[in-house]
**Student:** 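Here's a structure for you.
Note: hydrogens, waters and symmetry copies are ignored here, and every other heavy atom, side chains too, is used. Chain A is the first sequence line, chain B the second, and so forth, proteins listed ahead of strands; every chain is numbered from 1. In this text the structure is predicted, and so the values were computed from the model without any measurement.
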2 protein chains.
Amino acid sequence: MITIKDVAKLAGVASSTVSCVLNSKKYVSEHTRQKVLAAANELNYIKHGAASELKRKQTQTIGVIVHDMSVPYFSDLVSGIESSAISQGYDLIVCSSLGGERSTAARFIRERRLDGVIVIAENIEDELLLQAAETGFPIVVMDRELHSKHIVNVLMDDEQGGYMATRFLLDKGHRAIAYISGPLSSDCNLMRYQGYLRAMHEAGVEENENWRMGGQFLKTGGYNAAKLLMEGELPTAVFFANDEMAIGGLEAFKEHQVSIPEDLSIIGFDNIHLSEYLNPPLTTFRQPKTDAGSLAGHVLIQMLKGEAVESTYRINIQCVERDSVSCYSIIKS
Amino acid sequence: MITIKDVAKLAGVASSTVSCVLNSKKYVSEHTRQKVLAAANELNYIKHGAASELKRKQTQTIGVIVHDMSVPYFSDLVSGIESSAISQGYDLIVCSSLGGERSTAARFIRERRLDGVIVIAENIEDELLLQAAETGFPIVVMDRELHSKHIVNVLMDDEQGGYMATRFLLDKGHRAIAYISGPLSSDCNLMRYQGYLRAMHEAGVEENENWRMGGQFLKTGGYNAAKLLMEGELPTAVFFANDEMAIGGLEAFKEHQVSIPEDLSIIGFDNIHLSEYLNPPLTTFRQPKTDAGSLAGHVLIQMLKGEAVESTYRINIQCVERDSVSCYSIIKS
DNA sequence: CTGTTAGCGCGTTCAT
DNA sequence: ATGAACGCGCTAACAG
């Protein structure tokens, strides 16, 4: 293996000089600079990462922690983060927190193989993050709200999203609006529901408790809820806590000859890839993930540089209007 | 920061002893072992990754190189790799080759911050990989075929897949089968086409050159090809080079009142998520990605351990039968 | 102002 | 079970 010393020898200078050149430090005469560069090039010198890290105590690398790399959800998020990282000269790696305490993610954080991390992984313990942050390790959390000196939250504003979605239906004349809930353990779901309630309240509309139902964030959850819904009096619009559930619901309604959007309007949440291909194409609400990712990356790098940052950033959710909602007045006529 | 020496002091032993205990090396008496463990625990000792790597010259980490993390295609592949890696005590990280020579991936390979890599990234140069392999760095390549002592190929057998797909149609009585090609620059596409030709040839059926058309691996590519196809005499079955194209084709056929599968059978390739939700659900051919990933991980670890491996592994493609194909005899009757 | 020398950082390993 | 040497790049203090 070629070391800095080999380069120094070939260039006829001291190894420290080589280091200075390679890191563009201090004043080194152009002449020796060229000599060093030429020698490094000739020998095909590559610095040894570990040795450099050992001394510098930083890796120029930031990590994205995901709870399971096989979830495509992260794609956009990660590409946003990547753009920030690259533009600032940081390397970016993704690691999974599968395995909890002994996961790659946990190890990399503990062993300081990263300068900072962005977390999108429910299955990593608050405790672990708080502990790391305690020691000054910068963390951006995107899937929960956590407060500590070195932790910043970048969150989708699900409450605002839920509010917006509900307002969207209200504005179309709907009053009988059901919210089909996701799992109660999910913060996203809760916030969306809060937003729903706020909009309903603001419009002076009561929530019909008979329509209060839900399930997992899955197709079957939506399917079952829709079936249940059809056993009683139908609302005129249904707000599904996410698109997957809306897909299930759509299926159930179809089976019972309830036409969408003629007989019933439905909206989803998330704007998953599929939603655009449904019949009818689903009106839904989009989380601007790339933007969120790039913000998260940007904020982390600010922390790394010791710049001041807010403790929480909230990203606005956006409406993606398609064809699964109609105006209530039109239905009636 | 707590170092091994702090632990040694507290436990009243030498730092080397601590190292032995922590790495379960050599014979250390149970008594001191416990003392050391207790001390390490009390101080909350965590080894410094870089220092350890510096000495050991290995990182216990393998990397997956993807050309752009925002492509969901990799999800299953990665989760297969992950399962292999974890089971063998390796950490796994994903890094992107976006940026070519100066990408994170390229740097990590060069700086030996990984023990080995699995590559699924067309945009990384053969040269870079060959160079790294030259120095004994183990690489598994999944998106091309590359020959070098330390490179192993794990590939989807697209030729066999194309053959199988065509045979599937032939077995249903079809003789007039069009292959709608993807881009000619794509190896996958070429291999699928080769398989198609082999099956046709074997069955003694001539390829109708009027049906020889194609486009990008995209919806529009399939759409346009289908339109073109309908200008002449239709085949009884169409084999689209991938699902995206099949989706576009389906749309075009629908627009022209060609019913699938009554008037025309179609198949796709890839089994993307969407294909199951189409109308009719698309018969397609699945690349067992998780299996491929786990094989790739397994092979890489074998290389790391110095065990013997083949130079190329080919993964069989599997049929996913849905409702977009009918028997030719039934159509005629 | 340019280049050098010496020693640091931390875990691992080998000879004792 | 131990102490010292080692790995390699970086930096502070120093000399030319």
**Student:** For A:Gln60, check side chain to side chain donor-acceptor pair (under 3.5 Å) against everything at least two apart and list the hits.
**Tutor:** A:Gln58
**Student:** In residues 34-53 of chain B, what donor-acceptor pairs under 3.5 Å come from side-chain atoms, sequence neighbours left out?
**Tutor:**
unit_1: B:Gln34; atom_1: NE2; unit_2: B:Glu30; atom_2: OE2; d: 2.8
unit_1: B:Glu53; atom_1: OE2; unit_2: A:Arg113; atom_2: NE; d: 3.4
unit_1: B:Glu53; atom_1: OE2; unit_2: A:Arg113; atom_2: NH2; d: 3.4

**Student:** Give every residue pair that meets the salt bridge (charged side-chain N to carboxylate O under 4.0 Å, His left out) criterion with at least one member in residues 5-17 of chain B, sequence neighbours excluded.
**Tutor:** none
**Student:** Looking only at non-hydrogen atoms, find the nearest pair between B:Pro138 and B:Leu304 and report the distance.
**Tutor:** CG-CD1, 3.2 Å
**Student:** Tell me whether A:Asn189 contacts the main-chain N or O of A:Pro183 through its side chain, where contact means a donor paired with an acceptor under 3.5 Å.
**Tutor:**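 Yes; judged by distance alone, with no hydrogens or angles, the pair exists.
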**Student:** Are the side chains of A:Arg112 and A:Thr59 in contact, using a 4.5 Å heavy-atom criterion?
**Tutor:**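 A side-chain contact under 4.5 Å is absent here.
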**Student:** Tell me which residues in residues 46-59 of chain A put a heavy atom below 4.0 Å from DNA chain C, sorted by number, or none.
**Tutor:** A:Leu54, A:Lys55, A:Lys57
**Student:** Quick one: the dot-bracket string of DNA chain C, using Watson-Crick and G-U wobble pairs with both distances under 3.5 Å, [ ] for crossing pairs and | for bases paired to another strand.
**Tutor:** ||||||||||||||||
**Student:** For residues 32-41 of chain B, which residues have at least one heavy atom under 4.0 Å from DNA chain D?
**Tutor:** B:Thr32
**Student:** Taking atom types as modelled, find out whether B:Ser16 and B:Ser19 have a side-chain donor-acceptor pair closer than 3.5 angstrom.
**Tutor:**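 B:Ser19 and B:Ser16 do not have a side-chain donor-acceptor pair below 3.5 Å.
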**Student:** With sequence neighbours left out, what residues match A:Glu101 under side chain to side chain donor-acceptor pair (under 3.5 Å)?
**Tutor:** A:Arg110
**Student:** What donor-acceptor contacts under 3.5 angstrom involve side-chain atoms of residues 118-134 of chain A, with partners at least two apart or in another chain?
**Tutor:**
unit_1: A:Asn123; atom_1: OD1; unit_2: A:Ser97; atom_2: OG; d: 2.6
unit_1: A:Asn123; atom_1: ND2; unit_2: A:Ser97; atom_2: O; d: 3.4
unit_1: A:Asp126; atom_1: OD1; unit_2: A:Arg144; atom_2: NH1; d: 2.4

**Student:** Hey, does the side chain of A:Asp76 reach the backbone of A:Pro288 with a donor-acceptor pair shorter than 3.5 angstrom?
**Tutor:** no
**Student:** Distance only, no hydrogens: is a donor on one side chain within 3.5 Å (strictly under) of an acceptor on the other, for A:Arg107 and B:Thr61?
**Tutor:** no
**Student:** Whole angstrom is fine here: how far is it from CD in A:Glu111 over to C1' in C:dG11?
**Tutor:**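 After rounding, the reported distance stands at 12 Å.
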**Student:** Could you give the start and end, 5' to 3', of the contact zone on DNA chain D for chain A, using atoms under 4.0 Å from its heavy atoms?
**Tutor:**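 In short, chain A contacts DNA chain D from D:dC8 to D:dA13.
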**Student:** I need the CD1-C1' distance between B:Ile2 and C:dG9, as an integer number of Å.
**Tutor:** 16 Å
**Student:** How long is the line joining CD1 of A:Ile4 and C1' of C:dG3, in whole Å?
**Tutor:** 14 Å
**Student:** Do you know which of A:Asn153, A:Val152, A:Leu155 makes side-chain contact (heavy atoms from CB on, under 4.5 Å) with A:Tyr313?
**Tutor:** A:Val152
**Student:** Determine all donor-acceptor pairs shorter than 3.5 Å in which one atom belongs to a side chain in residues 290-297 of chain B; sequence neighbours excluded.
**Tutor:**
none

**Student:** Strictly below 4.0 Å: does B:Asn23 bring a side-chain N or O up to OP1 or OP2 of C:dT12?
**Tutor:** yes
**Student:** Below 4.0 angstrom, which residues in residues 11-22 of chain A have at least one non-hydrogen atom near DNA chain D?
**Tutor:** A:Ser16, A:Ser19
**Student:** My understanding is that only residues two or more places apart in sequence, or in another chain, count here; which of them pass side chain to side chain donor-acceptor pair (under 3.5 Å) with A:Lys149?
**Tutor:**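 Result, side chain to side chain donor-acceptor pair (under 3.5 Å) vs A:Lys149: none returned.
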**Student:** Side chains of B:Arg33 and B:Ser24: donor-acceptor distance under 3.5 Å anywhere?
**Tutor:** no
**Student:** Does C:dC1 have its OP1 or OP2 closer than 4.0 Å to a side-chain nitrogen or oxygen of A:Ser29?
**Tutor:**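 Checking C:dC1 against A:Ser29, no side-chain N or O comes under 4.0 Å of OP1 or OP2.
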